[in-house]
Amino acid sequence: MKFDKNFSYIPDREGRAQFIADTFKVEIRKSKKILDVGSDYNSLKKIVGKKVLGVDLYGEPDIKIDFEKEKLERFKNSQFDLVVCTEVLEHLDNLHEMVDELFRVSNQFVIISLPNCLSVFTKWNIVFHTRIGKYYGLPFEEPEDRHRWLFSYLDIDRFFSHYCSKNGYRIRQEFLQCSYTDSWRGKQTRILVQTFNVNSACQSIWLLIEKKRQSSNENKK
């Protein structure tokens, strides 16, 4: 199966916010109200401006919300033109409920990214080092945060293809994020992935989904 790939290097959460601002600048420019779900230290708001409302349980959001307890219930239907939720859903037990919430509060666009938990690098560690990574396994102390789901980029693609088809939404953009450094090892990996089209070497998959326009009656909570 052929997927578009993006090879921009995303070093940290601040870098991810800049990547969002650069990659989806058209949708951001068109949107008057943006909800950043899992905003952490509100990096996207610092870049884009006050039209972004950041919500999270940790960091320095505008509003602190426990997504597993409250979800997005305080917000009205179609309250935001754009909803951003990147590298968040995999941490939540109520993933399916939260996906519904993202689209409920969105008026038009939803941006989602999820990690490719079963990447070729993870499989290598499992086979040769019997370790699955920091978000799984059995740490010595109870961690503050864990992934609740173990899925591949294909699982995510199938899920949202089905979800959008069922609800009448449209996937406007979908790509695999291959974030490698400019070190010699990173450059070699990038060349190999590009040459042999190794989809499973991606770190995450990104989707820009457009929500079908609703009637005024449906927009009321």
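Asn116 places a side-chain N or O within donor-acceptor distance of the main-chain N or O of Cys202, the cut-off being under 3.5 Å. Panel note: side chain Gln177, backbone Ser204; no donor-acceptor pair is recorded below 3.5 Å. A distance-only check finds a donor-acceptor pair linking the side chain of Thr189 to the backbone of Arg185 [under 3.5 Å].
Checked against side-chain contact (heavy atoms from CB on, under 4.5 Å), Asn125 has the following partners two or more places apart in sequence or in another chain: His129. Residues satisfying the side-chain contact (heavy atoms from CB on, under 4.5 Å) criterion with Ile112, sequence neighbours excluded, are Leu89, Leu102, Phe103, Val110, Leu114, Phe160. Taking Arg190 as the reference, Phe7, Tyr180, Asp182, Lys187, Gln194 meet the side-chain contact (heavy atoms from CB on, under 4.5 Å) condition, with sequence neighbours excluded.
Residues His91 and His147 have side chains in contact (heavy-atom distance under 4.5 Å, counting atoms from C-beta outward). Side chains of Arg172 and Glu27 form a contact here, defined as non-hydrogen atoms less than 4.5 Å apart. Looking at heavy atoms from C-beta onward, Lys123 lies in side-chain contact with Leu118 at the 4.5 angstrom threshold. The closest side-chain heavy-atom distance from Arg146 to Pro139 is below 4.5 Å. No side-chain heavy atom of Ser179 sits less than 4.5 Å from a side-chain heavy atom of Phe19. Contact of the Asp100 side chain with the Tyr163 side chain is registered, since non-hydrogen atoms from C-beta on lie closer than 4.5 Å.
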- side-chain contact (heavy atoms from CB on, under 4.5 Å) between Phe80 and Ser106, intermediate numbers included: CA-CA 5 Å; Phe80 301 92; Ser106 170; 5.8 Å; no
| request: I would like to know whether Thr86 and Arg16 meet side-chain contact (heavy atoms from CB on, under 4.5 Å); could you show each step before the answer? | output: CA-CA 9 Å; Thr86 61; Arg16 186 165 72 227; 3.4 Å; yes
Exercise. Can you list the steps and then say if Asn197 with Lys5 is a side chain to side chain donor-acceptor pair (under 3.5 Å)?
Worked result: CA-CA 9 Å; Asn197 196 30; Lys5 294 184 179 64; 2.4 Å; yes
- prompt: Would Lys33 and Leu53 satisfy side-chain contact (heavy atoms from CB on, under 4.5 Å), going step by step from the backbone distance to the final call?
  reply: CA-CA 8 Å; Lys33 297 178 68 177; Leu53 179 71; over 6 Å; no
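Between Trp206 and Phe175, the ring planes lie parallel to each other; the angle is under 30°, not in the 30° to 60° tilted range.
For the pair Asp155 and Arg158, the salt-bridge criterion is met [side-chain N within less than 4.0 Å of a carboxylate O]. Salt bridge absent: Lys51 and Asp81 never bring a charged side-chain N and a carboxylate O closer than 4.0 Å.
Heavy-atom neighbours of Lys134 NZ from other residues, nucleotides or ligands within 6.0 Å: at or below the threshold of 12.
When all heavy atoms are compared, the tightest approach of Glu101 to Leu72 is OE1-N, 3.0 Å.
Ring-centre distance between Phe159 and Trp149: not below the 6.0 Å cut-off.
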